Amino acid sequence: MVISSGMQSMDTMKQVYQIVKPLNPNFCFLQCTSAYPLQPEDVNLCVISEYQKLFPDIPIGYSGHETGIVISVAAVALGAKVLERHITLDKTWKGSDHSASLEPAELAELVRSVRLVERALGSPTKQLLPCEMACNEKLGKSVVAKVKIPEGTILTLDMLTVKVGEPKGYPPEDIFSLVGKKVLVTVEEDDTIMEESVENHGKKIKS
């Protein structure tokens, strides 16, 4: 069951949910503003996120009456799982619905764009990806000496900085853990801080 929410309040939609859920658990809500054509300032895509929080056990979608496809694609980027648009063969035909509808070529472009966004949404896990390895090898940052650091010096934060280093050394997130450690060799300005250069410091260098 697809339930569009045009012309309704959130209180009404909460009542609809309570009524429908026991009768048919297979339903979804669509954010909708019933105006033809719909102006961007009246779309309120943020309602999609609110529906997702209030009704996490059902799919949330979007029913659009705006011109073009951009806003509908944005709805998918916000997590809309169902998308409803009106279709026409000619926007100039009589009736307000036609001007708010998509012609076949626009529908095809909408489908292509939605599929592209679905691919781009990807995973919520933030990590170094295989496709980034080449760039990381070239531009990945390391902790380097901000000044010349003589052998036997106890490291302080003002001696260290982060730059593209060659070879790779300690990653930027390790800079604070190096403070208070003694260097075993003289490190020249802009040289990478290497594992073997620091006393009693565990191996944390990224390969």
Side-chain angles (χ1 to χ4, degrees), residues 31 40-41 43-53 56 59-62 64 66 68-83 105-207:
Q31 161 56 1
E41 57 269 23
V43 172
N44 293 325
L45 286 180
C46 288
V47 174
I48 292 173
S49 301
E50 195 64 19
Y51 279 164
Q52 290 167 334
K53 288 188 289 186
I60 302 301
Y62 173 67
E66 74 279 1
I69 68 170
V70 173
I71 291 172
S72 293
V73 174
V76 173
L78 284 174
K81 303 301 182 185
V82 179
L83 195 58
E106 289 178 299
L107 175 62
E109 181 58 32
L110 175 60
V111 172
R112 285 191 293 268
S113 298
V114 166
R115 296 293 176 249
L116 182 62
V117 167
E118 287 174 335
R119 287 168 55 200
L121 285 172
S123 165
T125 302
K126 183 59 181 173
Q127 60 184 332
L128 180 65
L129 296 175
C131 66
E132 296 178 295
M133 294 305 296
C135 188
N136 185 58
E137 284 300 313
K138 182 179 180 181
L139 299 175
K141 309 300 189 293
S142 296
V143 179
V144 303
K146 190 174 183 180
V147 295
K148 182 177 179 178
I149 306 173
E151 178 184 346
T153 300
I154 302 300
L155 291 172
T156 59
L157 192 59
D158 59 357
M159 298 175 186
L160 305 172
T161 190
V162 173
K163 292 184 179 180
V164 175
E166 182 61 41
K168 287 276 194 305
Y170 286 99
E173 57 267 29
D174 264 13
I175 190 169
F176 297 106
S177 67
L178 287 167
V179 173
K181 305 295 183 181
K182 187 196 319 186
V183 293
L184 302 176
V185 296
T186 297
V187 183
E188 298 294 333
E189 181 180 350
D190 282 339
D191 277 1
T192 303
I193 306 295
M194 303 300 294
E195 178 193 358
E196 59 269 20
S197 303
V198 181
E199 185 179 59
N200 297 326
H201 200 269
K203 182 175 177 62
K204 292 188 178 181
I205 295 176
K206 291 182 178 178
S207 59

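Bear in mind that the values here come from a model prediction, so they are computed numbers and not experimental data. Throughout, numbering of the chain's residues begins at 1 and tracks the sequence.
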Taking every heavy atom of E189 against every heavy atom of K146, the minimum-distance pair comes out as CG-O, 3.4 Å

For V198 and Y170 the tightest heavy-atom approach is CG2-CE1, 4.4 Å

- Check the pair E188 / T186 against side-chain contact (heavy atoms from CB on, under 4.5 Å), numbers first and verdict last. CA-CA 6 Å; E188 298 294 333; T186 297; 4.0 Å; yes

Residues E137 and K168: closest non-hydrogen pair is O-NZ, 3.1 Å

Between A75 and L45 the two heavy atoms that sit nearest each other are CB-CD2, 3.8 Å

Are the side chains of L110 and L83 in touch, meaning some heavy atoms are under 4.5 Å apart?
yes

dist R112:CZ -> I69:CD1 (nearest 0.5 Å) comes out at 8.5 Å

d(I175 CD1, T161 OG1) to nearest 0.5 Å is 6.0 Å

Output for pair (D190 CG, E166 CD), nearest 0.5 Å, gives 13.5 Å

Contacts table for residues 147-160: side-chain donor-acceptor under 3.5 angstrom, sequence neighbours left out:
| from | atom 1 | to | atom 2 | distance (Å) |
| --- | --- | --- | --- | --- |
| T153 | OG1 | P150 | O | 2.7 |
| T156 | OG1 | D158 | OD1 | 2.4 |

Between the SG atom in C46 and the CG atom in L78, the distance rounded to the nearest 0.5 Å is 7.0 Å

dist E109:CD -> L116:CG (nearest 0.5 Å) comes out at 9.5 Å

Listed pairs under 3.5 Å, donor-acceptor, residues 138-145 side chains, sequence neighbours left out:
| from | atom 1 | to | atom 2 | distance (Å) |
| --- | --- | --- | --- | --- |
| K141 | NZ | L139 | O | 3.1 |
| S142 | OG | G169 | N | 3.0 |

Heavy-atom nearest pair, S113 first then V73, reads CB-CG2, 3.7 Å

Stepwise side-chain contact (heavy atoms from CB on, under 4.5 Å) test for S197 and V185: CA-CA 6 Å; S197 303; V185 296; 3.8 Å; yes

Scanning both residues in full, the closest heavy-atom pair of Q31 with I48 reads CB-CG1, 3.9 Å

Interatomic distance, CG@L184 vs CD@E196, rounded to 0.5 Å, equals 9.5 Å

Residues at least two apart in sequence or cross-chain that pass side-chain contact (heavy atoms from CB on, under 4.5 Å) with E66, listed by chain then number, are L38, Y62, I71, S72, R85

